[in-house]
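Report on one structure; see the data block that follows.
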Amino acid sequence: MAITVGVIGTGAIGADHARRITQTLTGAEVIALTDVNLEQAETVKNTLKLNATVYADGHELIANSGVDAVLVTSWGATHEEYVLAAIKAGKYVFCEKPLATTAQGCQNIVDAEMAAGKRLVQVGFMRPYDSGYKMLKQAIDSGEIGTPLMIHAAHRNQSVGKNYNTPMAIHDTLIHELDVFRWLLDDEYVSTQVVFPRKTTFAHDQLADPQIVLLETKKGVRIDVEVFVNCQYGYDIQCAVVGEQGIANLPEPQAITMRKNAQLGNALLTDWKDRFIDSYDVELQDFFDGISANKLTGPSSWNGLAAAIASDACVTAQQSGQIEKINLPERPELYR
Ligand code: NAP
């Protein structure tokens, strides 16, 4: 029997996840939808020809006994209340990042899950499911480049809207790196500093762009990440791990190389949806497979909390200009 799914928030990623559940993945079916804009939920229902009910709000959807699992894809600020409600109802819940907008909010979710006594939450950190990152991790774990010493990374977007401000470069953008480096290195952060190069003229008043985030880990690995969200030329994710005996680079997305008009080159992606499309499929299938096996193994609430603690420290560092400590509590047994 298919796992019945309710989707809260049918904007860009909510609609895309509903599409992949319906057209690409196996073992799950969207039977419930909601959005603050109910017309938007109706549009997704009709476009995908879903046999689904549109609910007036997320709590009503969660309370419906016919819904086995909940997808929280609404605005970040609403995630915590819906995830807590789903846990309270004993339902599995896939929550897009951020798990909550504050570390305390993530801690509340971890506490609720521990009280429930089992993992019910998977966070939408999809990079560990990306084939390129998997190859990079394999290269590190195999010892081919020796002990990792440094990471040089970049997260570049072509442009962002007027509502995107300086802290969002951390909470919304860097958060993926904050999660994936912990996974790549099997390590935790101890401190961070943020420095600001000359500002691009393409950034509006509320945004300092680009930024360079410096991180230090417990094992002493130093990481620099350029976050540049108005880079103009495309959507570009770079990651080079420097080890004692070599360097492992994140592979570039596949693209046809052309010789044309006296030039040799290939097109770059411009949309994050295209860059990680395969990993979104794999992460969500893993969520449903985990439910079927009664054991979730994907990114947990603990990963959400660890990323949030690091992210809060980076925002403090943006404001202070100082090196800020990152203090992660002891990892509970449930998340080992
Ligand atoms: P979006 O297009 O603005 O979609 C969010 C949708 O949720 C909108 O339709 C919004 O309504 C609706 N909504 C807001 N509050 C709600 C509530 N209380 N109950 C029900 N629906 C509500 O944003 P998005 O790009 O899809 O992002 C959604 C979340 O996914 C964000 O947390 C974002 O960080 C995350 N995300 C993750 C990735 C990833 O790579 N993993 C990629 C993209 C987004 P309106 O009609 O009023 O806008």
Side-chain angles (χ1 to χ4, degrees), residues 6-20 30 32-45 47 52-64 67 70-86 93-102 105-106 109 121-130 132-133 155-157 160-165 167-180 183 227 229 235 237 269-284 286-287 298-299 303-304 307-308 311:
V7 180
I8 302 176
T10 52
I13 197 124
D16 206 36
H17 283 333
R19 176 200 56 74
R20 63 173 45 85
V30 178
L33 300 159
T34 186
D35 195 285
V36 277
N37 178 354
L38 290 177
E39 273 178 32
Q40 165 75 14
E42 289 287 352
T43 304
V44 172
K45 174 184 161 171
T47 309
T53 306
V54 171
Y55 287 87
D57 75 65
H59 291 286
E60 231 182 84
L61 179 148
I62 292 166
N64 184 297
V67 171
V70 180
L71 249 64
V72 178
T73 48
S74 47
W75 297 327
T78 65
H79 291 183
E80 182 186 348
E81 68 167 282
Y82 292 134
V83 174
L84 287 173
V93 53
F94 178 94
C95 179
E96 263 310 334
K97 61 84 188 163
L99 178 59
T101 48
T102 61
C106 294
I109 290 169
V121 182
Q122 180 168 326
V123 183
F125 286 133
M126 73 297 176
R127 290 203 188 171
Y129 292 99
D130 175 68
Y133 274 108
H155 188 144
R156 304 192 186 106
N157 293 64
V160 290
K162 285 251 178 317
N163 63 344
Y164 187 106
N165 57 27
M168 285 171 80
I170 307 293
H171 287 312
D172 276 44
T173 302
L174 183 78
I175 192 103
H176 284 295
E177 272 78 17
L178 289 174
D179 178 66
V180 85
W183 173 76
V227 182
V229 294
Y235 181 71
I237 302 298
L269 295 173
T270 54
D271 192 336
W272 51 264
K273 282 202 220 75
D274 300 327
R275 174 64 179 83
F276 290 108
I277 189 158
D278 295 340
S279 50
Y280 291 120
D281 290 349
V282 185
E283 69 164 355
L284 216 46
D286 189 43
F287 175 63
N303 295 71
S311 161

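Both counts, for ligands and for their atoms, begin at 1 and track the order of listing. Values below: every heavy atom of this structure, side chains too, minus hydrogens, waters and symmetry copies. Numbers for residues simply follow the sequence, beginning at 1.
- The distance from the CH2 atom of W272 to the OH atom of Y235 is 8.5 Å, given to the nearest 0.5 Å.
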Would F94 and V123 satisfy side-chain contact (heavy atoms from CB on, under 4.5 Å), going step by step from the backbone distance to the final call?
-> CA-CA 6 Å; F94 178 94; V123 183; over 6 Å; no
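- The heavy-atom pair separating V93 from A86 by the smallest distance is CB-CB, 3.8 Å.
- Checked options L174, I170, T101; the residue passing with S311 is I170 (criterion: side-chain contact (heavy atoms from CB on, under 4.5 Å)).
- Residues forming a salt bridge (charged side-chain N to carboxylate O under 4.0 Å, His left out) with D130 (at least two apart in sequence, or on another chain): R275.
- In this structure, the side chain of Q122 does not engage the main chain of P299 through any donor-acceptor pair within 3.5 Å.
- A heavy-atom cutoff of 4.0 Å around ligand 1 is satisfied by the protein residues I8, G9, G11, A12, I13, D35, V36, N37, T73, S74, W75, G76, T78, H79, Y82, E96, K97, P98, G124, M126, H176, W272, Y280.
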